[in-house]
Amino acid sequence: MNHPLSLYNTLTRTKEPFTPLESPFVGLYVCGPTVYGDAHLGHSRAGVVFDVLSRYLRYVGYKVRYVRNITDVGHLQNDADSGEDKIQKFAKAHQLEPMEVVHHFTNRYHEDLAQLNVISPDIEPRASGHIIEQIQMIEEILENGLAYVSHGSVYFDVPAYNQQHNYGKLSGRVIEDLMTNTREDLEGQEEKRSPLDFALWKKASPTHIMRWPSPWSEGFPGWHLECSAMSRKYLGTQFDIHGGGLDLMFPHHECEIAQSQASHNHTDAARYWVHNNMITMNGKKMGKSLGNFITLRELFTGEHELLQQAYSPMTVRFFVLQAHYRSTLDFSNEALQAARKGYLKVMNGLRILNQLTYPAGAENLDAKAEEEIKKLTAELFVPLNDDLNTAKSIASLFNLLKKINSMHTGGFKLETISQETFEQMRTQYRALVLDVLGLKIEQTADAQSLLEVVLGFYKEAKETKDYGKVDAIRAQLKGQGIVIKDMKTGIDWAYEE
RNA sequence: GGUAACGUGGCCGAGUGGUUAGGCAGAGCUCUGCAAAAGCUCGUACAGCGGUUCGAAUCCGCUCGUUACCUCCA
């Protein structure tokens, strides 16, 4: 199949037409979270952006295999010698098993993303479950002479690799610059031949409790390796799209490319490298290390000193989608409140659209109106082909929405457009909002409160002895499986038994 | 220091040479028992200074400012 989608490829720094290796199949790999804490607003961006990408690819007919990993073996904290990783640190502090920690946060991550209506990936591999694959890849790199064993650890030989390949091709780094700019305070790694070398396997210190056996030592796989090993296992040595946050470009993705090239893959792994930009707070990147993050749970409940109110999951989703994924997006209460209103406006439009019925047999075509609706409808999806410009698609949505609202209030006569155009408009609007942007209706009113309103009227009707109304309310509620109970102490209701 | 971006109206945020982005907030109008919703209309924009061009927010240069990566990070 041939679809005019183009994506910005970090490898080439240009927008390129997207053509899968084996159309209609698309392999998509996205770097998932390191599960040592709750997901924050920043995480939601990668989740939502690549959710929309996979939704759109499917919408236009591709068969997508979406793989997103869970990194649960921990990353090295600082220099390798400290030997303490984030997950372990957290585990000790709380007297928990490391697996207990990662399981806990994995579950919460799933819950949070589900709230955002992010569809679960097709495969969600865990680093801890792919130690064997990672060991195998290390062996391949050793066989190819691009890694070396040192004191029970294995390091990737960056200078040697760079003689055959181009280390830095993704992030635009020049190895000579990196050599001269290596931080002094990261030294103390006499095990490594070059400060640029990175660990493929790290021998565990005696106190390190996350460890696995390997040909070299009891230890754990280095950062970067899990993604190379798992993407290869489930998508092959070469696949279509690799996604992740911009902050992973270097060194993480750069190292992934090097590992894939240096192993028996001999490829850059992915053909299109796609990076989403960061969410900022007052212009500064939101991140765990900076401590300026707001978790999704805090957003949903409003429990954070910077939040003036709670923001629903769909508000957050809409907020993310109103910006292009490659731009930074600045958080503020005002921006979230604006997103909330915008989201509700779109959903009200959907509700209206569902109510509209075309007046059959009453066609009274107006060429101009017909043309206008056709044009506005056609513009809905077009921006998505231009590097997934959801912001522009949403703008198109609002433009069409004005007409839909006019149809509803009667200013725009439905019969002036053909039924075909009407149906097309309705189908496309729904498809964009529900299927591709992945927005859904959020219940704002709960049944209990609505019932209390009805019971209020019931009580009033009884007091005024308007028994016709009393009986009607009872009958209506009974139709909903609810019975009213008049007791001496007051009015209550129950589920009909 | 190296590399890469960015700077759009009160706020958020599209837009890469000429046409209304859009949302929120604000003003006015229509509709309305009141209100809401909705529709219509309106306003202050493209950091600064040069340059290229018939024409630049959009290309080039310089200045100022902000950020990201170079360490774990979506």
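Scope of the values below: all heavy atoms of this structure, side chains included, with no hydrogens, waters or symmetry mates. Sequence lines set the chain letters: A, B, ... in the order given, protein chains first and strands last, and positions in each chain run from 1.
Within the nucleic acid shown, A/H275 has no heavy atom closer than 4.0 Å to any nucleic acid atom. A/D330 comes within 4.0 angstrom of sugar-phosphate atoms only, judged by non-hydrogen atoms across all strands, and of no base. Residue contacts shown for A/G283 are limited to sugar-phosphate atoms, with no base heavy atom under 4.0 Å away. A/L329 comes within 4.0 angstrom of the backbone, heavy atoms only, and of no base.
A search for ring pair (Phe, Tyr, Trp, His ring centres under 6.0 Å) contacts involving A/Y429 returns nothing, not counting sequence neighbours. Listed by chain and number, the residues in a side chain to side chain contact (heavy atoms under 4.5 Å, CB included) with A/S393 are A/P383, A/L384, A/L432 (sequence neighbours excluded). Legend: residues meeting side chain to side chain contact (heavy atoms under 4.5 Å, CB included) with A/S171, ordered by chain and number and at least two apart, are A/R173, A/M249, A/F250, A/E254. Take A/S150 and apply the side chain to side chain contact (heavy atoms under 4.5 Å, CB included) test, not counting sequence neighbours, and it matches A/Y148, A/Y155, A/E191. Scored by the side chain to side chain contact (heavy atoms under 4.5 Å, CB included) test, A/E100 finds A/L96, A/E97 as partners (sequence neighbours excluded).
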A correct 5'-to-3' footprint of nucleotides 14-24 of chain B, with B, S and - meaning base, sugar-phosphate only and no protein heavy atom under 4.0 Å, is SS-----BSBS
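Heavy-atom nearest nucleotides on RNA chain B were determined for A/H43 and for A/N405, and the one closer to the 5' end corresponds to A/N405. Comparing A/G32 and A/M249 along RNA chain B, the residue whose closest nucleotide (by nearest heavy atom) sits nearer the 5' end is A/M249.
Proximity of A/K403 to the phosphate of B/rG39: no side-chain N or O atom is located under 4.0 Å from OP1 or OP2. Phosphate proximity of B/rA74 to A/N276: absent, as no side-chain N or O sits under 4.0 Å from OP1 or OP2.
Using C1' as the reference atom, B/rC11 and B/rC69 are 29 Å apart when rounded to the nearest Å. The gap from the P atom of B/rC42 to that of B/rA36 amounts to 23 Å, rounded to the nearest Å. B/rG7 and B/rU30 have their P atoms separated by 41 Å, with the value rounded to a whole Å. Taking atom C1' in both B/rG9 and B/rC46, the straight-line distance is 8 Å, to the nearest Å. Atom C1' of B/rU58 sits at a distance of 13 Å from the matching atom of B/rA14, rounded to the whole Å. For the C1' atoms, the distance linking B/rG17 with B/rC54 amounts to 12 Å, nearest Å. The gap from the C1' atom of B/rC40 to that of B/rC59 amounts to 38 Å, rounded to the nearest Å. If you take atom P in B/rU71 and the same atom in B/rC62, they sit 28 Å apart, rounded to whole Å.
Separating the CE atom of A/M278 from the C1' atom of B/rU67 is a distance of 12 Å, rounded to the nearest angstrom. A/K285 has its NZ atom 8 Å from the C1' atom of B/rC69, to the nearest Å. Protein atom CG of A/L246 is 18 Å distant from nucleotide atom P of B/rU3, rounded to whole Å. Distance CG (A/L290) to C1' (B/rC69): 13 Å, rounded to an integer number of Å. Between the CG atom of A/L178 and the C1' atom of B/rG1 there is a distance of 13 Å, given to the nearest Å. In this structure, A/R351 atom CZ and B/rA38 atom C1' are separated by 12 Å, rounded to whole Å. B/rA68 atom C1' lies 15 Å from atom CD1 of A/I279, rounded to whole Å. When the C1' atom of B/rA74 is taken as reference, atom OH of A/Y29 falls 14 Å away, rounded to whole Å.
Under the Watson-Crick or G-U wobble criterion, with both distances below 3.5 Å, B/rU16 has no partner in any strand shown. Checking B/rC59 for Watson-Crick or G-U wobble geometry (two distances, each under 3.5 Å) identifies B/rG51 as its partner. As the counterpart of B/rA4, B/rU67 is assigned, both hydrogen-bonding distances of the Watson-Crick or G-U wobble pattern falling under 3.5 Å. Base pairing annotation: B/rA27 forms a Watson-Crick or G-U wobble pair with B/rU41, both donor-acceptor distances under 3.5 Å.
Proximity of the aromatic rings of A/Y311 and A/F300 is defined here by a centroid distance below 6.0 angstrom, and this criterion is not met. Two rings, from A/H224 and A/F198, have their centers less than 6.0 Å apart. The distance between the ring centers of A/H253 and A/H275 falls below 6.0 angstrom.
Heavy atoms only, all atoms of each residue included: A/K192 and A/D197 are closest at NZ-O, 2.8 Å.
The side chain of A/F250 lies closest to B/rC70, out of B/rG39, B/rA74, B/rC70.
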